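Throughout, numbering of the chain's residues begins at 1 and tracks the sequence. These figures come from a predicted structure and were not determined experimentally.
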Amino acid sequence: MRKIKSDGFMSKKLSDMSDEELWQLFPIMLTEHQQCWEEFYEDELAVLKKALPEKQIVRIEHIGSTAVNGIWAKPIIDIIVEIVYGSDFENIRKILEDIGYICMRKREQRLSFNKGYTENGFADKVYHLHLRYAGDNDELYFRDFLKDNPNTAKEYEKLKLELWRKYEYDRDAYTDAKREFVTDYTEKAKLLYGKERYRSFIIRRLNHDEYGELEDFLYEAIFQPDEKEKAPRSIIYNPDLYAYINGFGSGQDDYCLCAELDGRLAGAVWVRNINGYGSIDEKTPEFAIAVHKEFRGRNIGTALMEDMLKLLCCEGYEQVSLSVHKENYAVKLYLETGFEIIKENEQEYIMVKRFI
């Protein structure tokens, strides 16, 4: 990026400058789309992944107009970093500052940083980083809508070019003047793509010290359509049921993924090779899944199932089986994800998902 020199500001630190002084030193500048912008993002992504604590990161994405091919943009790479709810913002802030970022704005549960702003103007590579808790990511919907709708992207480009001439030295006014357009199309994108497109939960392996949580999930996995006549929780200790979790982790075919939302376990999917209700042979592991009631309706079950099926396929399994009550709403979901009914009795289906 072109550097701007201003002797009047040379003696001041950026942190000591007023907004007006910063706008003079760093005016709005738009350029045609540059192929190097994606490379700049990938370079910085590698830096961020190396520096940030992996277990606290949900998503890092390239956002803003530089992520949309074919339209003019400020040559500044916008990056959103989503972290696990409850993570220490201040700790992440210190890490980012150690790798050259400056925290420019702090709002409730949001921090904004820049990198590449100097007392002499813009550096060759300039970044804006937006630190958020997982799920605070409207920018992803807007970006995707522009990518999928070139005519809308060109409308946005035209608006920005007009505003550039008017607000070259007033960044806040420039942003405010775009807000209605951005908000309108963000809402359209959410309706089109669904609000769970960028889910606010993370899926990970269940840790060994969390295996005790499987008792709760086993109880949730039992089909009980009548809330008023639910079996006591002690039913899970029935040997045929408890076999699904007893000594979990000791078998070579024991795998479990969980969904974490706002620091809580929302659901789990696990497989074991046991002689259970859905067992079909000695080689095929059996599938079980549950989502706590308060977290249902957020596509967590679907995501857990899809990720487990990918894991089993990568591990080389030929198929996986399950047993499901015929009245269970999950039957439709299993069919949609490729399970087939191979056996049935008066109450249940035995289903199989084949990978080869």
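Under a 3.5 Å cut-off, the side chain of Arg272 and the backbone N or O of Asn246 do form a donor-acceptor pair. A donor-acceptor distance shorter than 3.5 angstrom exists from the side chain of Ser250 to the backbone of Gly247, with no hydrogens or angles considered. Formation of a donor-acceptor pair under 3.5 Å by the Arg171 side chain with backbone atoms of Phe26 is found in this model. A donor-acceptor pair under 3.5 Å links the side-chain atoms of Tyr193 to the main chain of Asp144, judged by distance alone. Remark: side-chain polar atoms of His325 are paired, donor with acceptor, to backbone N or O of Glu327 under 3.5 angstrom. Distance alone, capped at 3.5 Å, places no donor-acceptor pair between the Gln319 side chain and the Lys353 backbone. Listed for the Asp226 side chain is a donor-acceptor partner under 3.5 Å among the backbone atoms of Lys228. Listed for the Asp170 side chain is a donor-acceptor partner under 3.5 Å among the backbone atoms of Ala173. Not a single donor-acceptor pair under 3.5 Å links the side chain of Asn207 to the backbone N or O of Glu210. Between the side chain of Gln224 and the main chain of Ala231, a donor-acceptor pair closer than 3.5 Å is present.
Within the model, atoms NE2 of His62 and CD of Glu38 stand 6.0 Å from one another, a figure rounded to the nearest 0.5 Å. Rounding to the nearest 0.5 angstrom, the gap separating the CD1 atom in Ile77 from the SG atom in Cys36 is 7.5 Å. Rounding to the nearest 0.5 Å places NZ of Lys190 at 14.0 Å from CZ of Phe145. Atom CG of residue Leu30 and atom OG of residue Ser65 lie 8.5 Å apart, to the nearest 0.5 angstrom. Remark: Ile274 CD1 to Ser279 OG distance equals 8.0 Å, nearest 0.5 Å. Lys106 contributes atom NZ, which lies 6.0 Å from atom CG of Leu111 (distance to the nearest 0.5 angstrom).
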Could you go through the side-chain contact (heavy atoms from CB on, under 4.5 Å) check for Ile76 and Tyr127 one step at a time?
-> CA-CA 5 Å; Ile76 297 171; Tyr127 300 93; 5.8 Å; no
Starting from the C-alpha separation in whole Å, work towards a yes-or-no answer on side-chain contact (heavy atoms from CB on, under 4.5 Å) for Ile92 and Val81.
-> CA-CA 10 Å; Ile92 303 294; Val81 177; 5.8 Å; no
Would Ile79 and Leu48 count as a side-chain contact (heavy atoms from CB on, under 4.5 Å) if you check the C-alpha gap in whole Å, the side-chain angles of each, and the deciding distance to 0.1 Å?
-> CA-CA 10 Å; Ile79 299 173; Leu48 292 168; 4.1 Å; yes
Please lay out, stage by stage, how Lys160 and Glu157 fare under the test salt bridge (charged side-chain N to carboxylate O under 4.0 Å, His left out).
-> CA-CA 5 Å; Lys160 292 196 302 174; Glu157 176 187 63; over 6 Å; no
Would Tyr156 and Val182 count as a side-chain contact (heavy atoms from CB on, under 4.5 Å) if you check the C-alpha gap in whole Å, the side-chain angles of each, and the deciding distance to 0.1 Å?
-> CA-CA 9 Å; Tyr156 186 52; Val182 173; 4.0 Å; yes
Tyr244 vs Glu286, side chain to side chain donor-acceptor pair (under 3.5 Å): CA-CA, chis, key distance, verdict | CA-CA 9 Å; Tyr244 283 85; Glu286 191 174 345; 2.6 Å; yes
Candidate pair Tyr133 and Phe89, rule ring pair (Phe, Tyr, Trp, His ring centres under 6.0 Å), full reasoning | CA-CA 9 Å; Tyr133 281 131; Phe89 258 61; 4.7 Å; yes
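Note on ring orientation: taking the six-membered ring where Trp is involved, the planes of Trp37 and His33 are perpendicular (angle over 60°, cut-offs 30° and 60°). Using cut-offs of 30° and 60° on the angle between ring planes, the pair Tyr237 and Tyr242 is tilted. Using cut-offs of 30° and 60° for the angle between ring planes, the Tyr141 and Tyr198 rings count as perpendicular.
Among all heavy-atom pairs drawn from Ile71 and Ala153, the shortest one is CG2-O, 3.7 Å. Leu52 approaches Leu96 most closely through the heavy-atom pair CD2-CD2, 4.1 Å. In terms of heavy-atom proximity, Phe339 sits nearest to Met351 at CB-CE, 3.8 Å. The minimum heavy-atom distance linking Ala266 with Ile300 is given by the pair CB-CD1, 3.9 Å. When all heavy atoms of Met17 and Glu21 are compared, the closest pair comes out as CA-OE1, 3.2 Å. Of all heavy-atom pairs between Thr66 and Lys74, the closest is CG2-O, 3.2 Å.
The side-chain tip of Lys178 does not point at the ring of Phe181 from less than 6.0 angstrom away and within 45° of straight on.
Salt bridge Glu220/Arg233: absent, no basic N to carboxylate O contact under 4.0 Å. Looking at Lys326 and Glu346, no side-chain N of the basic residue comes within less than 4.0 Å of a carboxylate O on the acidic one, giving no salt bridge. Under 4.0 Å is where a charged nitrogen must lie from a carboxylate oxygen, and between Lys343 and Glu348 no such pair does. Under a 4.0 Å N-O distance rule, the pair Arg354/Glu318 does not qualify as a salt bridge. By the 4.0 Å N-to-carboxylate-O rule, Lys125 lies too far from Glu44 to be salt-bridged with it. Look at Asp136 and Arg110 and you find a salt bridge, because one of the NZ, NE, NH1 or NH2 atoms lies within 4.0 Å of a carboxylate O, short of that distance. Checked for salt-bridge contact, Arg179 and Asp176 meet the test: a charged N lies under 4.0 Å from a carboxylate O. Between Arg93 and Glu97 there is a salt bridge, since a side-chain N of the basic residue sits under 4.0 Å from a carboxylate O of the acidic one.
Residues Leu265 and Ile202 do not share a hydrophobic cluster, clusters being chains of Ile/Leu/Val/Met/Phe/Trp/Tyr side chains in contact below 4.5 Å. At a threshold of 4.5 Å between side-chain heavy atoms, the hydrophobic network of Ile, Leu, Val, Met, Phe, Trp and Tyr places Ile289 and Val324 in one connected group. Placement of Trp270 and Tyr255 in two distinct hydrophobic clusters is found when ILVMFWY residues are connected by side-chain heavy-atom separations under 4.5 Å, directly or transitively. Using a 4.5 Å cut-off between side-chain heavy atoms of Ile, Leu, Val, Met, Phe, Trp and Tyr, with links allowed through other members, Phe287 and Phe248 fall into different hydrophobic clusters.
Counted within 6.0 Å of CG on Asn275, heavy atoms from surrounding residues, nucleotides or ligands total 12 or fewer; the atom is thus considered open. Within a 6.0 Å radius of CD in Glu282, no more than 12 heavy atoms belonging to other residues, nucleotides or ligands are found. Remark: Arg204 CZ is packed, more than 12 non-hydrogen atoms of other residues, nucleotides or ligands lying under 6.0 Å away. Environment of CD in Glu229: sparse, with no more than 12 heavy atoms of neighbouring residues, nucleotides or ligands closer than 6.0 Å.
Partner Leu312 forms a side chain to side chain contact (heavy atoms under 4.5 Å, CB included) with one of Met308, Glu315, Lys310 and no other, that one being Met308. Of the candidates Asp253, Asn273, Thr284, Asp253 is the only one forming a side-chain hydrogen bond (donor to acceptor under 3.5 Å, both in side chains) with Tyr317. Each of Phe122, Tyr101, Tyr117 was scored for a ring-ring contact (aromatic ring centres under 6.0 Å, His included) with His128, with one residue passing: Tyr117. Checked against Glu82 for a side-chain hydrogen bond (donor to acceptor under 3.5 Å, both in side chains), the options Arg132, Gln56, Arg59 give a single hit: Arg59.
In summary, the side chains of Asp78 and His130 do present a donor paired with an acceptor at a separation below 3.5 Å, with no hydrogens or angles considered.
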